[in-house]
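Here is the structure we will look at.
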Amino acid sequence: MRRLSLVGSLLVIALFATLTVARTAAAQDATPAVDMSPNADECTIEPRRLEELQALVGTPFPEGAGEATSFARQATQIANELPEGTAADEATVQAITAAVRRQMACFNAGNYLGGFAGTTEEFIISQVGFALFDEDLIAAMTGTPVPLPEEQQTTLIGVREVRVLPDGRVAALVDYTSPIPPAEGINGVETDLWVFEQVEGEWLLDEVTDNLEGQHGPSGVATPTA
C-alpha cells in the first residue's frame with residue numbers, strides 16, 4: 001500500500017493481515033460505516049520468520065536481477081470494471097472482513113512479520129520481492145514490535161463488493177484512511193482492491209491493486225470538484 005499498499009514497503013506489509021469481524025452488513029452497503037482502527041490485540045497470527053520470507057525470493061542479487069522479474073502471479077488488471085465474480089455469502093464476507101482487520105491490526109501493532117504471515121507466497125514474491133533484503137526493512141521487521149501512535153494508525157472504513165472470482169479467490173474493495181504517508185485519496189479516504197486466497201483454511205492476502213478511489217470509492221465520499 002503506497003499507504004497500506006503495504007506492498008513493497010512497510011505499508012504493503014501493513015496490509016497486514018487483515019482483521020476481526022467488522023460490521024459486515026454495512027460492509028456490503030454502498031456507504032460503509034466508519035469502524036475503529038484495528039488495534040494491536042487483533043494481530044493474532046503467528047509471525048513468519050524473516051529467513052523464510054527471504055528464501056521465497058532467493059538471494060538478493062541473482063543473475064539477471066536487474067532485468068524484468070518473472071512473478072508467480074500477475075496482478076489483476078483493474079480499469080473501470082472490477083474483476084468478474086459472484087457475490088460472496090455472508091460467512092465469506094465475515095471471514096474476509098476479519099482477514100482485512102487482522103492485516104491492518106498487525107500494521108498498527110508494528111508487527112510486520114505477523115502481517116506477512118497473513119499473505120500468500122505469491123504475494124511476497126510478486127509484491128514485496130527483493131525489498132526483503134533492504135537493511136531498513138529488515139530492522140523494522142526484526143525489532144520488537146512497537147504499536148504506532150493512535151494518530152498514525154490506519155482506520156478501516158469498510159469492506160464491500162466482496163465477490164468470489166472464477167479461480168476461487170475472493171476480491172473485496174477496502175476503504176480506509178491512513179496518515180502514513182500524509183492523507184491521500186479523495187477527501188482522505190483511500191480505496192484498494194484486495195484479493196485473498198484460501199490456504200489450509202486461512203484467507204491470505206494474495207494481491208493488491210491500490211489507488212482505486214477515483215473509480216470505485218465509496219458513494220458517501222464526494223469527489224472534489226475542480
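In this chain, numbering begins with 1 at the start of the sequence shown.
What you find for R48 and T119 is that their closest heavy atoms are NH2-O, 2.9 Å. Here the shortest heavy-atom pairing between P38 and N108 reads O-ND2, 2.8 Å. Here the closest non-hydrogen pair linking C106 and G114 is SG-C, 3.9 Å. Annotation for A117 and I45: closest pair O-CD1, 3.5 Å, computed over non-hydrogen atoms. Considering all non-hydrogen atoms of both residues, C43 and A105 come closest at N-CB, 3.8 Å. Nearest heavy atoms, S178 versus T154: OG-OG1, 3.3 Å.
Atom CG of residue L132 and atom CG of residue L50 lie 7.0 Å apart, to the nearest 0.5 angstrom. Expressed to the nearest 0.5 Å, how far OG of S126 lies from CD of E121 amounts to 11.5 Å. Note that CD1 of I138 and CD of Q54 are 5.0 Å apart. Values are rounded to the nearest 0.5 Å. Here the straight-line distance linking atom CG of L56 with atom CZ of F123 works out to 12.5 Å at 0.5 Å rounding. One distance of note links CE of M141 with CG of D136; it measures 11.0 Å at 0.5 Å rounding. Taking CG of L173 as the start and CD of E161 as the end, the distance is 6.0 Å to the nearest 0.5 Å.
A 4.5 Å side-chain heavy-atom check between P47 and N111 finds at least one atom pair inside the cut-off. T155 is not listed as a side-chain neighbour of Y176, based on a closest heavy-atom distance of 4.5 Å or more. Side-chain atoms of R169 and D206, non-hydrogen and from C-beta on, do get closer than 4.5 Å to each other. Side-chain contact check for I124 versus E122: every heavy-atom pair is 4.5 Å or farther apart. Residues L193 and P83 meet the side-chain proximity criterion, which asks for heavy atoms closer than 4.5 Å. Between D192 and T209, every side-chain heavy-atom pair lies at or beyond the 4.5 Å cut-off. With a 4.5 Å cut-off on side-chain heavy atoms, I157 and V189 count as touching. For the pair V93 and D89, the minimum side-chain heavy-atom distance is 4.5 Å or more.
Using modelled atom types, no side-chain atom of T92 and backbone atom of A88 make a donor-acceptor pair closer than 3.5 Å. Between the N39 side chain and the D41 main chain, a donor and an acceptor come within less than 3.5 Å of each other. The main-chain N or O of D175 is never found under 3.5 Å from a side-chain atom of R160 such that the two would form a donor-acceptor pair.
Tracing side-chain contacts under 4.5 Å through hydrophobic residues (I, L, V, M, F, W, Y), one never reaches V57 starting from L204; they form parts of separate clusters.
Residue-environment remark: CD (E150) stays at or below the threshold of 12 foreign heavy atoms within 6.0 Å. In the displayed structure, E151 atom CD is contacted under 6.0 Å by more than 12 heavy atoms of other residues, nucleotides or ligands.
Residues satisfying the salt bridge (Lys or Arg N to Asp or Glu O under 4.0 Å) criterion with E84, sequence neighbours excluded, are absent altogether. Residues forming a side-chain hydrogen bond (donor to acceptor under 3.5 Å, both in side chains) with T177 (at least two apart in sequence, or on another chain): none. Under the side-chain contact (heavy atoms from CB on, under 4.5 Å) criterion, A172 pairs with I96, V159, V162, sequence neighbours left out.
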For this session: Verify side-chain contact (heavy atoms from CB on, under 4.5 Å) between W203 and V170, making sure each step is shown before the conclusion.
Result: CA-CA 9 Å; W203 286 107; V170 174; 3.5 Å; yes
Problem set entry | Check against side-chain contact (heavy atoms from CB on, under 4.5 Å), R163 and T86 | CA-CA 5 Å; R163 60 184 65 185; T86 58; over 6 Å; no
For this session: List the steps and the verdict of side-chain contact (heavy atoms from CB on, under 4.5 Å) for L205 and T120.
Result: CA-CA 6 Å; L205 184 65; T120 64; over 6 Å; no
Problem set entry | Derivation and outcome, side-chain contact (heavy atoms from CB on, under 4.5 Å), residues F107 and Q153 | CA-CA 8 Å; F107 176 68; Q153 293 188 6; over 6 Å; no
